[in-house]
A.B. asks: 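This structure is in structure tokens; I'll ask about it shortly.
Just so it is clear, the structure is predicted and the values come from calculations on it, not from any experiment. In what follows, every chain begins at residue 1, and chains take the letters A, B, ... in the order their sequences are listed.
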Amino acid sequence: MRTTQFHLVTRKETPQDAEIISHQLMIRAGMIRKLGAGLYTWSPLGFRVLRKMEAIIREEMNASGALEMLMPAVQPKELWEETGRIEDFGGQLLAMTDRADRDYFFGPTHEEVITEFVRDEVSSYKQLPINFYQIQTKFRDEIRPRFGVMRSREFIMKDAYSFHLSEESLDETYRLMEATYTTILDRMGLNFRCVLADSGAIGGSGSQEFHVIADSGEDAIMYSDESDYAANIEKCAAVSLISQRAEPSEVISVVATPNQKTIEEVSHFLDIQAEQMVKTLLVKGIDGPVALVIRGDHQLSEVKAAHLPEVDSPLQFLDDKAVRELTGCDVGSVGVKDLNCPVIVDLTVANMSDFVCGANRDDHHLTGVNWQRDAEFQQQADIREARAGDPSPDGRGRLKQARGIEVGHIFKLGDKYSKAMNAVVLDETGRSQALQMGCYGMGVSRLVAAAIEQCHDENGIIWPAALAPFQVAILPMNYQKSVQVKETADELYKRLTKAGYEVILDDRKVRPGFMLSDFELLGIPHQVIIGDRSLDEGFVEYRHREKMEKQKIERAKIFEFLTQQTCL
RNA sequence: CGGGGUAUAGCGCAGCCUGGUAGCGCAACUGCUUUGGGAGCAGUGGGUCGGGAGUUCGAAUCUCUCUACCCCGACCA
């Protein structure tokens, strides 16, 4: 490809409303352009990268035995009524109506469609196990799309759905998909981690996420420094930090804490550590309010709390008025003693003694509070967020924290959808059995952004070999005027192209500095600089985008040299 | 969904307060010079000032309204 025949529109200035580096670089390199909130056009340059991602995914999915297919992006509403997931997805569903006033959703995912397909197509255990996948445009009406294609509303996703007679067979395919995802991300040259995950709105029993490690990642992931335990912070078990509850040593007493409401204020006012306090959080439950109690220095895990059967999901805090009705005081003075609602305490809190909490009376707290003697709880549960430094839940090592971009998620769905939609097969004995199901997603467009987050420097993108839109860039200096430069560049271009390389030759009439910095921005891995100065001595120059030092290569040997560098 | 902000040429912005029919930089186009690190000079094209309504002799500017986009928040206890 010659740049004058291609569509190359770069920008030297950072776009104003791009916050993260991948978004900035994708705009500057001209890979994407925004059409509307969370909607992006992929230019020919960006699309080349997207296709590279897809090709790797497709190859590995096919190699795993999965079968590619294509489902409609538009789905009838009735299908979603069968599984009752309309509420789960809520406002994320883009609803539309056709001329006959029939209701549709633009698919955010395809469990319903594939299950509908399978219930008609698969009737015998002999057809199992089977794994279908597609690479397709999805739409989720995010509350707040941001970061370019990282969190867009329309996006491209590879989604796979496997079907089984037994849980063992599901386990097998699930592990195969885990291995396949690992191969895919390895081939892309990305630094990633597979972590235990919460299964969210999709539902099901087990799930793992694949995260590309990057400081700009929207998720926090926890991992052990000694074992291979790793989990999304939403899922990471937070163990009790106190192994055994000590006997009470203090007398319970009421202290005045005028205008001291937050943990920080009260602990400072009383000159105690936040670890000696508990926070009593009042939330809406299935049968009226529920109190959730965590240690003063801990964070509530909203995901874990919402999973408790007694608690409404999604989690909703009581408003100030409801708090006063229940406790007779302001939210800043709520405590565990004589609370007129069920009390669920975190595992650490269950073992605390002589602690401080609100007195359920404005501007007062209690000190020296002890369980059993002064207050009761109905249940203990893991409801806090794990923290770096906590013991790893598998008992080996301590937890560390990193930021990750979720690019893949695999789930064991079990029979949740097959039961709801009556997808059954006959087993060996002729009995009807609900299908076991797995689902495996991978965000293709997000992967492009994630790769850039991980692979860039101050001058632009540094594409990993497998993802680059072009492998080799030929950068001739004064191509328009110098005959020897033009001939050398054209000849190399012809030879490389013929040999099957993806080459871009910059034949624009631009100044050298402009051209060189453009290709630093674009991140093409192998760059050959051809100019009169070195050509007069019989050389051309080579540089790799990552290292950037120029090497002189004999003009006659450059083709062989590139062949070795690129290992095509 | 709540709060705040913005909307003027492809991009980034000024002009608005104090109404008089639109400007700067970059980009684009033409010509000449230059040609190994974001060139110089001269010239050219491009905007119903987000949409609608109102006030006025006259509105980018004042008023109302709609829309779009951006940012913050939705974990005080």
A.B. asks: May I ask you to say whether A/Arg403 pairs ionically with A/Asp215, meaning some side-chain N is under 4.0 Å from a carboxylate O?
C.D. replies: no

A.B. asks: For A/Arg151, is there an ion pair with A/Glu218 - N to carboxylate O distance below 4.0 angstrom?
C.D. replies: yes

A.B. asks: Closest approach to the side chain of A/Glu13, judged atom by atom: which nucleotide of B/rA77, B/rG37, B/rC26 is it?
C.D. replies: B/rC26

A.B. asks: For the base of B/rG37, is there a side-chain donor-acceptor partner from A/Arg543 under 3.5 Å away?
C.D. replies: yes

A.B. asks: Report the distance from atom CD1 of A/Ile530 to atom CG of A/Asp490, rounding to the nearest 0.5 Å.
C.D. replies: 9.0 Å

A.B. asks: Can you tell me the distance, in whole Å, between the CD1 atom of A/Ile27 and the C1' atom of B/rG10?
C.D. replies: 13 Å

A.B. asks: Sticking with atom C1', work out how far B/rG25 lies from B/rU21, rounded to a whole angstrom.
C.D. replies: 24 Å

A.B. asks: Determine the Euclidean distance between corresponding P atoms of B/rU55 and B/rC16; express it in Å to zero decimal places.
C.D. replies: 25 Å

A.B. asks: Mind running a 4.0 Å heavy-atom check of residues 283-305 of chain A against RNA chain B and sending the residues that fall below it, in number order?
C.D. replies: A/Gln299, A/Glu302

A.B. asks: Give the rounded distance in Å between these two atoms: NE2 of A/His23 and C1' of B/rC11.
C.D. replies: 14 Å

A.B. asks: Between B/rG10 atom C1' and A/Lys34 atom NZ, what is the distance in whole Å?
C.D. replies: 15 Å

A.B. asks: Both distances below 3.5 Å, Watson-Crick or wobble geometry, any strand: find the nucleotide opposite B/rG37.
C.D. replies: none

A.B. asks: To the side chain of A/Val323, which of B/rC70, B/rG37, B/rA77 is closest?
C.D. replies: B/rA77

A.B. asks: Can you confirm whether the side chains of A/Gln379 and A/Glu310 place a donor and an acceptor under 3.5 Å from each other?
C.D. replies: yes

A.B. asks: Could you tell me whether the side chains of A/Gln484 and A/Asp536 share a donor-acceptor contact shorter than 3.5 Å?
C.D. replies: yes

A.B. asks: Give the nucleotide from the list B/rG37, B/rC69, B/rU35 with an atom nearest to the side chain of A/Lys550.
C.D. replies: B/rG37

A.B. asks: Hunt down the Watson-Crick or G-U wobble partner of B/rA74, both distances under 3.5 Å, from any strand shown, or write none.
C.D. replies: none

A.B. asks: Go through B/rG37, B/rG10, B/rC70 for me and flag the one nearest to the A/Ala37 side chain.
C.D. replies: B/rC70

A.B. asks: Could you check whether A/Ser517 gets within reach of a base, just the sugar-phosphate, or nothing at all, counting any heavy atom under 4.0 Å?
C.D. replies: base

A.B. asks: Using the side-chain heavy atoms of A/Lys279, tell me which of these nucleotides is nearest: B/rG10, B/rG37, B/rA77.
C.D. replies: B/rA77

A.B. asks: What is the distance from CZ of A/Phe355 to C1' of B/rA77, rounded to the nearest Å?
C.D. replies: 15 Å

A.B. asks: Produce the list of close N/O pairs, under 3.5 Å, pairing protein atoms with atoms of nucleotides 3-7 of chain B; give distances to one decimal.
C.D. replies:
none

A.B. asks: Apply the side-chain contact (heavy atoms from CB on, under 4.5 Å) test between A/Met26 and each candidate in A/Ile21, A/Ile20, A/Ile452; give the one that qualifies.
C.D. replies: A/Ile452

A.B. asks: Can you tell me how far C1' of B/rU35 sits from OH of A/Tyr479, to the nearest Å?
C.D. replies: 16 Å

A.B. asks: Compare the minimum distances between each of B/rA77, B/rU35, B/rC76 and the side chain of A/Ile263, then state the nucleotide with the smallest one.
C.D. replies: B/rA77

A.B. asks: Expressed in whole Å, how much space separates the C1' atoms belonging to B/rC57 and B/rG73?
C.D. replies: 49 Å

A.B. asks: Can you classify the ring geometry of A/Phe6 versus A/Phe470 as parallel (below 30°), tilted (30 to 60°) or perpendicular (above 60°)?
C.D. replies: perpendicular

A.B. asks: Take the protein atom CZ of A/Arg153 and the nucleotide atom P of B/rC70, then report the distance between them rounded to whole Å.
C.D. replies: 9 Å

A.B. asks: Give one of base, sugar-phosphate or nothing for A/Glu19, where a contact means two heavy atoms less than 4.0 Å apart.
C.D. replies: sugar-phosphate

A.B. asks: Tell me whether the guanidinium CZ or amine NZ of A/Arg2 lies under 6.0 angstrom from the six-membered ring centre of A/Tyr493 and within 45° of its axis.
C.D. replies: yes

A.B. asks: Which part of the nucleic acid, if any, lies within contact of A/Gly531, taking any heavy atom under 4.0 Å across all strands shown: a base, the sugar-phosphate backbone alone, or nothing?
C.D. replies: base

A.B. asks: Provide the Watson-Crick or G-U wobble partner of B/rA59, both distances under 3.5 Å; none if there is no partner.
C.D. replies: none

A.B. asks: Counting Watson-Crick and G-U wobble pairs only, both distances under 3.5 Å, name the nucleotide matched with B/rC69, or none.
C.D. replies: B/rG5

A.B. asks: Mind checking the P distance from B/rC41 to B/rC26? Whole angstroms is fine.
C.D. replies: 9 Å

A.B. asks: Rounded to whole Å, please give me the gap between CZ in A/Phe514 and P in B/rC26.
C.D. replies: 13 Å

A.B. asks: Using a heavy-atom cut-off of 4.0 Å across all strands, would you classify A/Gln260 as base, sugar-phosphate, or nothing?
C.D. replies: nothing

A.B. asks: Return the pairing partner of B/rG12 with a 3.5 Å limit on both distances, Watson-Crick or G-U wobble; otherwise return none.
C.D. replies: B/rC24

A.B. asks: Please measure how far the P atom in B/rC49 lies from the corresponding atom in B/rU8, and state the result in whole Å.
C.D. replies: 11 Å

A.B. asks: Starting at the 5' end of RNA chain B, which residue's closest nucleotide do you reach first, A/Leu516 or A/Leu315?
C.D. replies: A/Leu516

A.B. asks: Could you let me know what B/rA42 is paired to, Watson-Crick or G-U wobble, both distances under 3.5 Å, or none if it's on its own?
C.D. replies: B/rU30

A.B. asks: With the side chain of A/Phe317 defined as its heavy atoms from C-beta on, choose the nearest nucleotide among B/rA77, B/rG37, B/rC76.
C.D. replies: B/rA77

A.B. asks: With distance as the sole criterion, is a donor-acceptor pair present between the side chains of A/Ser207 and A/His409 under 3.5 Å?
C.D. replies: yes

A.B. asks: Assign A/Ser333 to base, sugar-phosphate, or nothing according to its heavy-atom contacts below 4.0 angstrom with the strands shown.
C.D. replies: nothing

A.B. asks: Taking any heavy-atom pair under 4.0 Å as a contact, classify A/Lys481: base, sugar-phosphate, or nothing.
C.D. replies: base

A.B. asks: Can you spot which of A/Asp338, A/Val336, A/Val369 makes a side-chain contact (heavy atoms from CB on, under 4.5 Å) with A/Asp374?
C.D. replies: A/Val369

A.B. asks: In a check of side-chain contact (heavy atoms from CB on, under 4.5 Å) between A/Arg140 and each of A/Pro145, A/Ser152, A/Pro108, which one passes?
C.D. replies: A/Pro108

A.B. asks: Applying the side-chain contact (heavy atoms from CB on, under 4.5 Å) test to A/Arg384, which of A/Asp297, A/Ile294, A/Leu292 qualifies?
C.D. replies: A/Ile294

A.B. asks: Pick the C1' atom in B/rC13 and in B/rA74, then give their distance to the nearest Å.
C.D. replies: 34 Å

A.B. asks: Taking atom types as modelled, find out whether A/Thr3 and A/Asp507 have a side-chain donor-acceptor pair closer than 3.5 angstrom.
C.D. replies: yes

A.B. asks: Closer than 4.0 Å, any side-chain N/O of A/Arg511 to the OP1 or OP2 of B/rU35?
C.D. replies: no

A.B. asks: Using the side chain to side chain donor-acceptor pair (under 3.5 Å) rule, pick out the option among A/Lys550, A/His526, A/Lys552 that qualifies with A/Tyr542.
C.D. replies: A/His526

A.B. asks: Starting at CD of A/Gln92 and ending at P of B/rC1, how long is that distance when rounded to a whole Å?
C.D. replies: 15 Å

A.B. asks: Between B/rU61 and B/rA7, how far is it from one P atom to the other, in whole Å?
C.D. replies: 12 Å

A.B. asks: For nucleotides B/rU65 and B/rA27, find the distance between their P atoms and express it as a whole number of Å.
C.D. replies: 42 Å

A.B. asks: Looking at B/rG47, which nucleotide sits across from it as a Watson-Crick or G-U wobble partner, both distances under 3.5 angstrom, or is there none?
C.D. replies: none

A.B. asks: Consider the side chain of A/Val331, meaning its heavy atoms from C-beta on, and name the nucleotide among B/rC76, B/rU34, B/rC70 that approaches it most closely.
C.D. replies: B/rC76

A.B. asks: For A/Leu282 and for A/Lys509, locate the closest nucleotide of RNA chain B by heavy-atom distance; then report the residue assigned to the nucleotide nearer the 5' terminus.
C.D. replies: A/Lys509

